[in-house]
Amino acid sequence: MAALAPPYLANQNKLPSFSSKILVRMPTTLVFLQMCSNFQEVRQVHAQLVVSGLLDRPPNAGRLLQSYVTVSQIYHASSVFDRICCPDVFAYNNMIRGLILGKCPNNSLLLYNKLLLDGLKPDNYTYTFVLKACSQLSAIFEGRQVHCRIVKAGTSMDTHVHSSLIHMYSSSTDSLVCAEQVLASFPEENTLAKNSLISGYLSQGEVEKAREMFDNMVEKDDASWSAMIAGYTKNGMSVEALGLFQKMMMISEVSPNEATLVSSLSACAHLGALDQGKWIHAYADKIGAKISVTLGTALIDMYAKCGSIEHGYEVFKKMPQKDLVAWGVIISGFAIHGQAEKCFELFDDMVANGTYPNEIIFVAILSACSHAGYVEMGYQYFYQMVHEYGIRPSIEHYGCMVDLLGRAGRLAEAEELIMSLPEKPNSVIWGALLGACRIHNDLRRGNLAFKHLTELEPMSGDRYKLAGLMFAKAGEKETATKIRKLIRENDLETTRGLSFIEIDGVVHDFEAGTINHSKYNEIYKMWGEGLIDF
DNA sequence: GTAGGGTTAG
């Protein structure tokens, strides 16, 4: 009978003895430390550790450091680390991990070198974290050195190190083949490693190879689906992403994790698939998924891009915690909908909330100004960005300003700004000027922009097309014809306007000037020939 | 005695 007992019963027998062992052997303060879930709690236990003298024992300092890392307080973690006179591998590992979490992967590499200089022996955790830092930095050379050390030291790699190696090698196209070799050198089925290679392929645009690997996988877990769906979304294949999501819901035994929902929502956002997005929202509620900052942000973005900013705002208001990305999404959302005043209001709320704006927030704010024609507000925010927040304007910000001035018809100022740029204007800048010149019939500046564009993007038919439209509108038919001929003769690619509508959950795409829709005949009957000629 | 994939904004 005992052999038939389900696994959870067996675990139930073990659980009490395990926890009582901890309680007996560990001082209460350390038990508290394990229970901490936020910064305040860790800080309180930290104080108790200092008072009780327990912190003087090096292993306890390591545990405290670990707790600070778990609550992402890297600054506090590193001050604890600095006070440990002889950190052991555990302390090093946690600090290395903390530095990666704190977006300082280069510092974690330095710390790894220090660990080696201290004569300590790295373990599988060390390797996992260091390789992760290497992937983030695309530091294949350093990663390869780590790989060599693992082999030389004869360390037996666990699945995590194995998959991190693959992840590291696939962070650059050139070493993708090394990632394949590493996978092949391990004969047993390793889902973790295969998932890494799938994301690696997808990050390098090798969608076909990723799909092949995915299809041949025997044991797909939630992360396999998630990697594939996220990869499709990243490579602009939103239709495929949503198709795979639906397939997963229907045939797969694993249920979607948060990352899958987030990527699928991102695909909905790109397609404008509001019904699908709403369905995912309802599904998340149904399974009782906690609307985390990430999931909430993806929902807001989906609603905003699918034209339903009100629903997005509802989600935003309900979010208990909001990070910079969440604020960025809601501000860009209102910017897309032309509600500049709401953007300004939210910006003030954000600052009052103690969240510091970054350069992306200002791109959103400036584009809101541009769409609503608020030139003076745009100048004001630009000034504020530079002088109050110390953000160096990027080419994107200048692009917004040129667009802002150009749309408002202040072309002389736009040109002056372009001439004063600290860096070489890119095609976005000149494109914004050309677009504005087309609206305001400024042939001289339009010509100037066009000349630069032909140098920067000689193969972009779109630029020629825009210039052609400008000349045609200004009555210079001859030049316009010449440009059109140029596009045809050089076989230049022009992208056509795409629009999507969703009917009963099916996304239909329409390409400007084409008639390749499956229901074309019915549409044609209803609307006649006028439809094709836009 | 202990930590470890992937996801979101222009």
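We name chains A, B, ... by the order of the sequence lines, and we start the count at 1 in each one.
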Ranking B:dA9, B:dG1, B:dG10 by distance to the side chain of A:P59, first place goes to B:dG1
Rounded to whole Å, CD1 of A:I331 lies from P of B:dA9 at a distance of 15 Å
Using ring centroids (six-membered ring only for Trp), state whether A:F344 and A:Y381 fall under 6.0 Å.
yes
Write down the distance between CD1 (A:I74) and C1' (B:dA3), rounded to a whole number of angstrom.
13 Å
d(CD1, A:I365; C1', B:dG10) in whole Å:
13 Å
Calculate the interatomic distance between A:L65 atom CG and B:dG1 atom C1'; express it in whole Å.
15 Å
Pick base, sugar-phosphate or nothing for A:N358, based on heavy-atom distances below 4.0 Å to the nucleic acid.
base
Proximity of A:F382 and A:F362 rings by center, below 6.0 Å:
no
Proximal nucleotide (of B:dT7, B:dA9, B:dA3) relative to the A:K234 side chain
B:dT7
What is the nucleic acid contact for A:N124, judged by heavy atoms within less than 4.0 Å: base, sugar-phosphate only, or nothing?
base
Taking CD1 from A:I360 and P from B:dT8, how many angstroms apart are they, rounded to a whole number?
12 Å
Using a heavy-atom cut-off of 4.0 Å across all strands, would you classify A:S196 as base, sugar-phosphate, or nothing?
nothing
Distance check needed: B:dG10 P versus A:F347 CZ, whole Å only.
17 Å
Residues, nucleotides or ligands: over 12 heavy atoms within 6.0 Å of A:E423 CD:
yes
Classify A:K305 by what it touches in the nucleic acid, base, sugar-phosphate, or nothing, heavy-atom distance under 4.0 Å.
sugar-phosphate
Separation of atom CD in A:E396 from atom P in B:dA9, rounded to whole Å:
15 Å
Could you work out, with side chain to side chain donor-acceptor pair (under 3.5 Å) as the rule, every residue matching A:K342, not counting sequence neighbours?
A:Y313, A:E345
Give the rounded distance in Å between these two atoms: CZ of A:F245 and C1' of B:dT7.
13 Å
Over 12 non-hydrogen atoms of neighbours within 6.0 angstrom of NZ in A:K317:
yes
Counting the benzene-type ring for Trp, do A:F214 and A:W225 have ring centres under 6.0 Å apart?
yes
Among B:dA9, B:dT7, B:dA3, the one nearest A:V262 by side-chain distance:
B:dT7
Provide the closest heavy-atom pair for A:G296 versus A:V315 in the form atom of the first, atom of the second, distance.
O-CG1, 3.9 Å
Is the base of B:dA3 touched by the side chain of A:N93 through a donor-acceptor pair closer than 3.5 angstrom?
yes
Would you indicate what A:S163 reaches in the nucleic acid, counting non-hydrogen atoms under 4.0 angstrom: base, sugar-phosphate, or nothing?
nothing
Which of the following nucleotides, B:dG4, B:dA9, B:dT7, is nearest to the side chain of A:V325?
B:dA9
May I ask you to verify if any side-chain N or O of A:R97 is less than 4.0 angstrom from the OP1 or OP2 atom of B:dG4?
yes
Where along residues 221-231 of chain A does a heavy atom fall under 4.0 Å from DNA chain B?
A:D221, A:A223, A:S226, A:A230
Against the side chain of A:Q66, the closest entry in B:dA9, B:dT8, B:dA3 is B:dA3
Taking every non-hydrogen atom, the tightest pair across A:E189 and A:V218:
OE2-N, 3.7 Å
